[in-house]
Amino acid sequence: GPTATCAAILQSSDENGTILAIGGRALPRSECHSSIHAEYHGLLLGLNWVRNHIDELVAQEAEAEAGRCERGRGRGLDVIVIRGDCKMLIKHLGCQSFPGKLRPEYDRVVRLMEDIERQWRIRSS
């Protein structure tokens, strides 16, 4: 049976911090050897949601952007903020620590973030 679970909560950057999605899943033993593996899987779960909903997110950002410009507040930033309680994962993502045995998970996260960034640029231009 599963040895751990992972979860992700995605929140907008508006004043209300609107919840966009909440998800989680059980991880089989073959995918989870430690708590940091579960943390990586939670991050991947959230990033996959962003990638799968990129068109909707770009449309929402454009709508919010139009509202900000009408009110004279200027342009907002297109940013994904990753928060977590696993200091080692955050250090890996900040290039402050080498992922070692977690390199495959790290590489998947980096590829996914690059894919999201590329899709965002294409769709929002």
Side-chain angles (χ1 to χ4, degrees):
T3 60
T5 58
C6 67
I9 299 174
L10 289 97
Q11 224 174 342
S12 71
S13 61
D14 63 18
E15 308 81 49
N16 301 323
T18 305
I19 302 289
L20 302 173
I22 298 175
R25 72 180 187 99
L27 300 171
R29 290 182 200 272
S30 61
E31 291 182 31
C32 190
H33 308 289
S34 66
S35 62
I36 193 168
H37 282 91
E39 297 283 347
Y40 265 104
H41 282 278
L43 176 55
L44 288 164
L45 184 69
L47 290 172
N48 275 307
W49 187 91
V50 170
R51 185 187 58 196
N52 293 335
H53 293 84
I54 198 91
D55 290 328
E56 177 185 336
L57 294 169
V58 168
Q60 288 174 0
E61 178 63 20
E63 187 177 300
E65 179 67 24
R68 283 191 292 271
C69 290
E70 287 172 14
R71 290 189 299 272
R73 288 199 213 163
R75 223 176 119 59
L77 297 175
D78 305 331
V79 176
I80 294 176
V81 176
I82 298 170
R83 292 192 178 117
D85 61 359
C86 180
K87 290 180 185 178
M88 188 57 65
L89 173 65
I90 301 301
K91 285 183 177 185
H92 291 173
L93 295 177
C95 300
Q96 298 169 342
S97 176
F98 185 73
K101 292 180 182 179
L102 295 161
R103 188 61 190 240
E105 288 84 358
Y106 171 82
D107 288 343
R108 286 175 54 203
V109 165
V110 169
R111 281 192 306 273
L112 195 49
M113 289 191 304
E114 290 170 346
D115 186 40
I116 290 167
E117 182 179 9
R118 185 174 44 257
Q119 288 185 40
W120 188 275
R121 268 196 315 254
I122 289 169
R123 286 167 172 80
S124 62
S125 56

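Model, not experiment: these values are computed from the prediction.
- Placement of Leu44 and Leu89 within a single hydrophobic cluster is found when ILVMFWY residues are connected by side-chain heavy-atom separations under 4.5 Å, directly or transitively.
- Taken together through direct or relayed side-chain contacts under 4.5 Å among Ile, Leu, Val, Met, Phe, Trp and Tyr, Met113 and Ile9 form parts of separate hydrophobic clusters.
- Grouping the Ile, Leu, Val, Met, Phe, Trp and Tyr side chains by contacts below 4.5 angstrom, directly or via other members, places Val50 apart from Ile22.
- Side-chain contact between His92 and Arg103 is absent, with no heavy-atom pair separated by less than 4.5 Å.
- In this structure, the side chains of Arg108 and Leu112 stay at 4.5 Å or more apart for every pair of heavy atoms.
- In this structure, Ala38 and Cys6 approach most closely via the heavy-atom pair O-CB, 3.3 Å.
- Residue Leu43 comes nearest to Val109 through the heavy atom pair CD2-CG1, 3.7 Å, listed as atom of the first residue, atom of the second, then distance.
- One finds a salt bridge joining Arg121 and Glu117 here, because a Lys/Arg side-chain nitrogen approaches an Asp/Glu carboxylate oxygen to under 4.0 Å.
- Taking every heavy atom of both residues into account, Ser97 and Met88 meet most closely at OG-SD, 3.5 Å.
- Atom-to-atom distance recorded for Ile19:CD1 and Leu10:CG is 8.5 Å, nearest 0.5 angstrom.
- Here the OG-OH distance, from Ser34 to Tyr40, works out to 10.5 Å after rounding to the nearest 0.5 Å.
- Annotation for Ile116 and Leu47: closest pair CD1-O, 3.4 Å, computed over non-hydrogen atoms.
- For His37 against Leu102, the heavy-atom pair with the smallest separation is NE2-CD2, 3.3 Å.
- The shortest distance between side-chain heavy atoms of Gln96 and Ile90 does not fall below 4.5 Å.
- The hydrophobic cluster containing Leu45 does not contain Leu57, counting ILVMFWY residues as joined when their side-chain heavy atoms lie under 4.5 angstrom apart, directly or transitively.
- A donor-acceptor pair is defined here as one N or O able to donate and one able to accept, closer than 3.5 Å; no such pair exists between the side chain of Asp115 and the backbone of Arg111.
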